[in-house]
Undergrad: 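The structure is given below, and queries will be raised subsequently.
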Amino acid sequence: MTDTSSFAGRHVFVAGGSSGINLGIAQAFARAGAHVTVMSRSPDKVQQAAEGLRALGAQALGISADVRDSAAVDAALRQSHALFGDIDVLVSGAAGNFIAPAKDLSPNGFRTVIDIDLNGSFHVLRLAYPLLRKPGASVINISAPQGVNPTMYQVHACAAKAGIDMMTRVLAMEWGEDGVRVNAIAPGPIADTEGMRRLAPSPEALANAVASVPLQRMGTLEDIAHMALFLSSPQAGYVTGAVIPVDGGSSLRGGRDMRASYTPRGAA
Ligand code: NAP
Ligand code: COA
């Protein structure tokens, strides 16, 4: 069991932390006594998320910034650093996704997902680098099964998450000598999340998603948060460059076919 006492007073910065899986991670660190900053586009969402973190007893900051805007990301990281000091845990999880066949996906549609997920993650990681605690920082990218499993109608997300997986490994090598560990979590289907609402938009699609998981259940926000706590704890001090599936074994089944979940935009 992870010793959460090691997070008291630590600085945790969560990019894309205002909802879903990433907010679940932010809340877990808040409960463990960390000072937590969440950053995402919507000013309302970040303020609401920060209030929720304070209600858990944490010092918390909500900052509105788009990961595609490197200057805004830089300013957000510096604001958080000025308040809470060197960053002990950096989570990069901002993402956008939708189901679309490659032949109907516009160049801007493809570029938008690459810009948010992959280029946005690079901005977050690269600009946080000077502000990370060295040695000791834990960097966690939020990937997805699409990073390794070819998934029909997900060419944009597959390309983006595969890039994130490789960036995880490269930065683990580059930053290891500073005592900075860089890992990724690849969640499986997680209940009550925007990602699942988009990828499994009907009861049938949801049932199929559950059936495809060897453990025969959806994951929870806690399942992912526990892995983030572990990866950032001293118990994981020799773990770096790992892309860890937390998916009930679903990635063992390989690539997926999203065709049945697809409704062309504008269709009733
Ligand atoms: P979510 O609630 O929509 O989380 C996405 C977060 O990113 C939100 O806080 C969103 O807030 C923020 N965001 C989106 N675009 C952004 C941008 N351009 N700049 C800054 N922040 C941005 O969805 P989720 O399902 O929990 O997904 C969270 C992460 O888990 C993603 O990386 C996703 O790929 C991954 N994942 C999810 C599942 C799943 O089952 N849900 C499975 C595998 C992987 P704003 O709208 O305010 O910007
Ligand atoms: N199918 C195909 N293309 C789509 C699409 C869909 N369902 N949704 C958006 N696009 C295309 C748009 O048509 C546009 O391309 P175009 O200019 O050629 O028409 C491009 O993507 C950008 O769309 P836009 O709405 O301007 O982007 P945005 O920056 O406002 O929003 C998204 C980004 C599209 C990813 C939006 O869905 C989002 O904000 N998602 C965040 C939440 C989320 O996805 N959570 C789950 C995480 S796994």
Side-chain angles (χ1 to χ4, degrees), residues 4-95 115-117 119-142 167-168 171-172 174-183 225 228-229 231-234:
T4 53
S5 65
S6 54
F7 300 116
R10 298 291 179 161
H11 178 185
V12 177
F13 187 102
V14 186
S18 66
S19 59
I21 288 173
N22 305 321
L23 178 56
I25 293 172
Q27 289 167 337
F29 279 106
R31 287 194 185 92
H35 304 327
V36 183
T37 295
V38 289
M39 184 196 89
S40 83
R41 293 168 300 178
S42 159
D44 291 346
K45 277 177 70 176
V46 291
Q47 288 320 323
Q48 207 180 331
E51 276 166 31
L53 296 169
R54 283 183 211 112
L56 295 173
Q59 290 187 41
L61 185 62
I63 306 176
S64 165
D66 190 317
V67 290
R68 291 168 286 192
D69 178 348
S70 62
V73 172
D74 193 35
L77 287 160
R78 286 173 189 282
Q79 186 184 345
S80 189
H81 184 259
L83 194 61
F84 297 140
D86 285 354
I87 299 171
D88 295 286
V89 179
L90 176 70
V91 179
S92 176
D115 272 350
I116 299 171
D117 295 26
N119 296 336
S121 290
F122 180 74
H123 293 154
V124 170
L125 271 59
R126 165 67 187 89
L127 295 166
Y129 174 77
L131 310 177
L132 296 175
R133 186 175 306 284
K134 304 183 195 77
S138 161
V139 176
I140 300 174
N141 292 315
I142 305 302
M167 191 157 64
T168 300
L171 296 188
E174 292 194 14
W175 296 355
E177 64 189 19
D178 299 323
V180 172
R181 296 180 299 105
V182 186
N183 293 291
L229 289 172
L231 282 175
S232 305
S233 72

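Sequence positions, counted from 1, serve as the residue numbers for this chain. We use all heavy atoms of the structure for the numbers below, so side chains are in, but hydrogens, waters and symmetry mates are not.
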Undergrad: Given Y129 and K134, is the side-chain contact (heavy atoms from CB on, under 4.5 Å) satisfied, shown in steps?
TA: CA-CA 9 Å; Y129 174 77; K134 304 183 195 77; 3.7 Å; yes

Undergrad: For A49 and V38, which heavy atoms make the closest approach, and how far apart are they?
TA: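 In terms of heavy atoms, the two residues are closest at CB-CG2, 4.0 Å.
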
Undergrad: Please report the closest heavy-atom contact between R41 and D66, naming both atoms and the distance.
TA: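 For R41 versus D66, the nearest heavy atoms are CD-OD2, 3.6 Å.
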
Undergrad: Nearest 0.5 Å, please: how far is CG in D74 from CG in D69?
TA: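 Between D69 CG and D74 CG, I get 10.0 Å after rounding to 0.5 Å.
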
Undergrad: Can you find a heavy atom in the side chain of V73 that is under 4.5 Å from one in the side chain of M39?
TA: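 SC-SC contact between V73 and M39 confirmed.
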
Undergrad: CZ of R68 to CG of N119: how many Å apart, nearest 0.5 Å?
TA: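 Interatomic distance, R68 CZ to N119 CG, rounded to 0.5 Å: 10.5 Å.
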
Undergrad: Can you list the steps and then say if I63 with V46 is a side-chain contact (heavy atoms from CB on, under 4.5 Å)?
TA: CA-CA 6 Å; I63 306 176; V46 291; 5.9 Å; no

Undergrad: When you compare the side chain of S92 with that of F122, does any pair of heavy atoms fall below 4.5 Å?
TA: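 No, side chains not in contact.
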
Undergrad: Can a donor-acceptor pair be found, under 3.5 Å and without considering hydrogens, that links the side chain of S80 to the backbone of A76?
TA: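 Absent.
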
Undergrad: How long is the span from the CZ atom in R181 to the OG atom in S232, to the nearest 0.5 Å?
TA: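 R181 atom CZ to S232 atom OG measures 6.5 Å (nearest 0.5 Å).
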
Undergrad: If you take all heavy atoms of L77 and A128, which pair is closest and at what distance?
TA: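 Nearest heavy atoms, L77 then A128: CD1-N, 3.6 Å.
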
Undergrad: Are the side chains of L56 and Q27 in touch, meaning some heavy atoms are under 4.5 Å apart?
TA: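 Counting from C-beta outward, L56 and Q27 do come under 4.5 Å.
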
Undergrad: Are V89 and F29 close enough that some pair of their side-chain heavy atoms sits under 4.5 Å apart?
TA: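 Answer yes - side chains close enough.
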
Undergrad: How far apart are the C-alpha atoms of Q79 and T37, what are their side-chain angles, what is the distance that settles it, and do they pass the side-chain contact (heavy atoms from CB on, under 4.5 Å) test?
TA: CA-CA 10 Å; Q79 186 184 345; T37 295; over 6 Å; no

Undergrad: Among all residues two or more places apart in sequence or in another chain, which pass the side chain to side chain donor-acceptor pair (under 3.5 Å) test with R133?
TA: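 With neighbours one apart ignored, the set is D88.
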
Undergrad: Identify the heavy atoms of S70 and L127 that sit nearest to each other, and give their distance.
TA: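 Of all heavy-atom pairs spanning S70 and L127, the closest is O-CD1, 3.3 Å.
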
Undergrad: Quick one: are L132 and L90 in side-chain contact, heavy atoms under 4.5 Å?
TA: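 Answer yes - side chains close enough.
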
Undergrad: Hey, are the side chains of S18 and S42 touching, using non-hydrogen atoms and a 4.5 Å cut-off?
TA: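 They are not in contact (no side-chain heavy atoms under 4.5 Å apart), so the answer is no.
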
Undergrad: Minimum heavy-atom separation for A15 to V124, with atom names?
TA: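 The answer is CB-CG2, 3.8 Å.
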
Undergrad: Are any of the side-chain heavy atoms of V67 and I116 separated by less than 4.5 Å?
TA: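 Yes, their side chains come closer than 4.5 Å.
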
Undergrad: Hey, could you give me the CD/CG distance between Q48 and L53, rounded to the nearest 0.5 Å?
TA: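 Separation between the atoms: 11.0 Å.
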
Undergrad: Name all residues meeting the ring pair (Phe, Tyr, Trp, His ring centres under 6.0 Å) criterion together with F84; count only those two or more places apart in sequence or in a different chain, and write none if there are none.
TA: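 By the ring pair (Phe, Tyr, Trp, His ring centres under 6.0 Å) rule, F84 matches H11, H35.
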
Undergrad: Considering all heavy atoms of both residues, which atom of N22 and which atom of A94 are nearest to each other, and what is their separation?
TA: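 Distance-wise, the nearest heavy atoms are ND2-N, 4.2 Å.
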
Undergrad: Can N141 and T168 be counted as having a side-chain donor-acceptor contact under 3.5 angstrom?
TA: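 Per modelled atom types, N141 and T168 side chains form a pair under 3.5 Å.
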
